[in-house]
Amino acid sequence: MLKHLFTRSLQEFKSAKTITLCAMMGAAAMVLGAYSIYVTPTIKIGFSSLPNQFVAWLFGPSVGMVFNGSMDILKYFLKPVGGYFPPLTMVTMLAGTIYGCFFYGRRLSFLRILAAKLTVSLVCNVILNTWCLSLLMKEGFWLILPERIVKNLIMWPIDSLIFYYVAKVLEGAGVFRAFKRGIKERQKL
């Protein structure tokens, strides 16, 4: 099943619609990256991850992985903050893969989004990103872990609600209809 999921997702790269929407989502991610709401100095509500999740939903784990990795590198080159650290890009790619596995070819439900966000929060944000940050900042993993756990527990339902409602609004408006139709046609082949 997982092999079939990745194979189907790889087939999405053959479509010009996929590449076009990925380019548009990339541009949207860059624009949305400029807008964040800071709740505290360390907790912010951001919107730049929405396009990443939409790409994973529409085109699957393979496209989601490549898109997330490409966007991470592109964002760094356009606005470099600190040094580039490849393991952080790998974590971002894993997040795209996880979202693709949860969302691709499935109906989006709030529970599915909560489960995907929880998995990404625990595996990518809390464990792997904390490990990467401890290496970069030369601070102990266990020292920065509690703050990151609290932050991700707070943001998990907020980010889930944001993605759910934005997805429902865009889906209701028919924004992704042409792309989803193409996906269903390719799945029949």
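Numbers here simply count residues along the sequence, with the first being 1.
Judged by distance alone, with hydrogens and angles left aside, the side-chain atoms of Ser9 form a donor-acceptor pair with the main-chain N or O of Phe59 at under 3.5 Å. Remark: side-chain polar atoms of Arg106 are paired, donor with acceptor, to backbone N or O of Cys101 under 3.5 angstrom.
Legend: ring-ring contact (aromatic ring centres under 6.0 Å, His included) pairs involving residues 63-82, not counting sequence neighbours, sorted by first then second residue: Tyr76-Tyr84. Within the structure, no pair that satisfies the ring-ring contact (aromatic ring centres under 6.0 Å, His included) test touches residues 6-32, not counting sequence neighbours. Listed by first and then second residue, the ring-ring contact (aromatic ring centres under 6.0 Å, His included) pairs involving residues 133-163 are Phe54-Phe163, Phe103-Phe163 (not counting sequence neighbours).
Every residue meeting the side-chain contact (heavy atoms from CB on, under 4.5 Å) condition with Pro87, not counting sequence neighbours, appears here in chain and number order: Phe85, Cys132. In this structure Tyr164 satisfies the side-chain contact (heavy atoms from CB on, under 4.5 Å) test together with Phe110, Ile113, Lys168, sequence neighbours excluded. The side-chain hydrogen bond (donor to acceptor under 3.5 Å, both in side chains) search around Ser134 returns none, not counting sequence neighbours. Every side-chain hydrogen bond (donor to acceptor under 3.5 Å, both in side chains) that Asp72 has, sequence neighbours left out, goes to Thr89. The side-chain hydrogen bond (donor to acceptor under 3.5 Å, both in side chains) test applied to Lys138 returns no partner, not counting sequence neighbours. Evaluation of the side-chain contact (heavy atoms from CB on, under 4.5 Å) rule for Asn129 yields Leu88, Val91, Asn125, Arg148 as partners, not counting sequence neighbours. Checked against side-chain contact (heavy atoms from CB on, under 4.5 Å), Ser70 has the following partners two or more places apart in sequence or in another chain: Val66.
In this structure, Glu139 CD and Thr130 OG1 are separated by 11.5 Å, a value rounded to the nearest 0.5 Å. Between Lys75 atom NZ and Thr92 atom OG1 the span is 8.5 Å, to the nearest 0.5 Å. Here the CG atom belonging to Asp159 is positioned 9.0 Å from the CZ atom belonging to Phe47, to the nearest 0.5 angstrom. Note: Leu128 CG to Leu133 CG = 11.0 Å, rounded to the nearest 0.5 Å. With values rounded to the nearest 0.5 angstrom, Glu12 atom CD is found 10.0 Å from Ile19 atom CD1. To the nearest 0.5 Å, the span separating CD1 on Ile154 from OG on Ser121 amounts to 12.0 Å.
Inter-residue side-chain proximity for Met155 and Ile45 is flagged as met; some heavy-atom pair is nearer than 4.5 Å. In this structure, Tyr99 and Val55 have side chains that are not in contact, with every pair of non-hydrogen atoms separated by 4.5 Å or more. A 4.5 Å side-chain heavy-atom check between Met30 and Lys79 finds every atom pair outside the cut-off. Inter-residue side-chain proximity for Leu118 and Leu114 is flagged as unmet; no heavy-atom pair is nearer than 4.5 Å.
Under a hydrophobic clustering in which Ile, Leu, Val, Met, Phe, Trp and Tyr are joined whenever their side-chain heavy atoms come within less than 4.5 Å, directly or via other members, Leu50 and Ile37 fall into the same cluster. Following chains of ILVMFWY side-chain contacts shorter than 4.5 Å, one cannot reach Leu94 starting from Ile73, and the two form parts of different hydrophobic clusters.
Across every non-hydrogen atom of Tyr104 and Ala56, the tightest pair is CB-O, 4.0 Å. For Gly46 against Ser36, the heavy-atom pair with the smallest separation is CA-OG, 4.0 Å. Residues Gly26 and Met71 come closest through the heavy atom pair O-CE, 3.3 Å. Between Gly100 and Leu5 the shortest heavy-atom distance is O-CD2, 4.4 Å. The nearest pair of heavy atoms linking Pro51 to Met25 is CB-O, 3.3 Å. The minimum heavy-atom distance between Asn68 and Ala95, with the atom names listed, is ND2-C, 4.0 Å.
Atom CE of Met90 has 12 or fewer heavy atoms from other residues, nucleotides or ligands within 6.0 Å.
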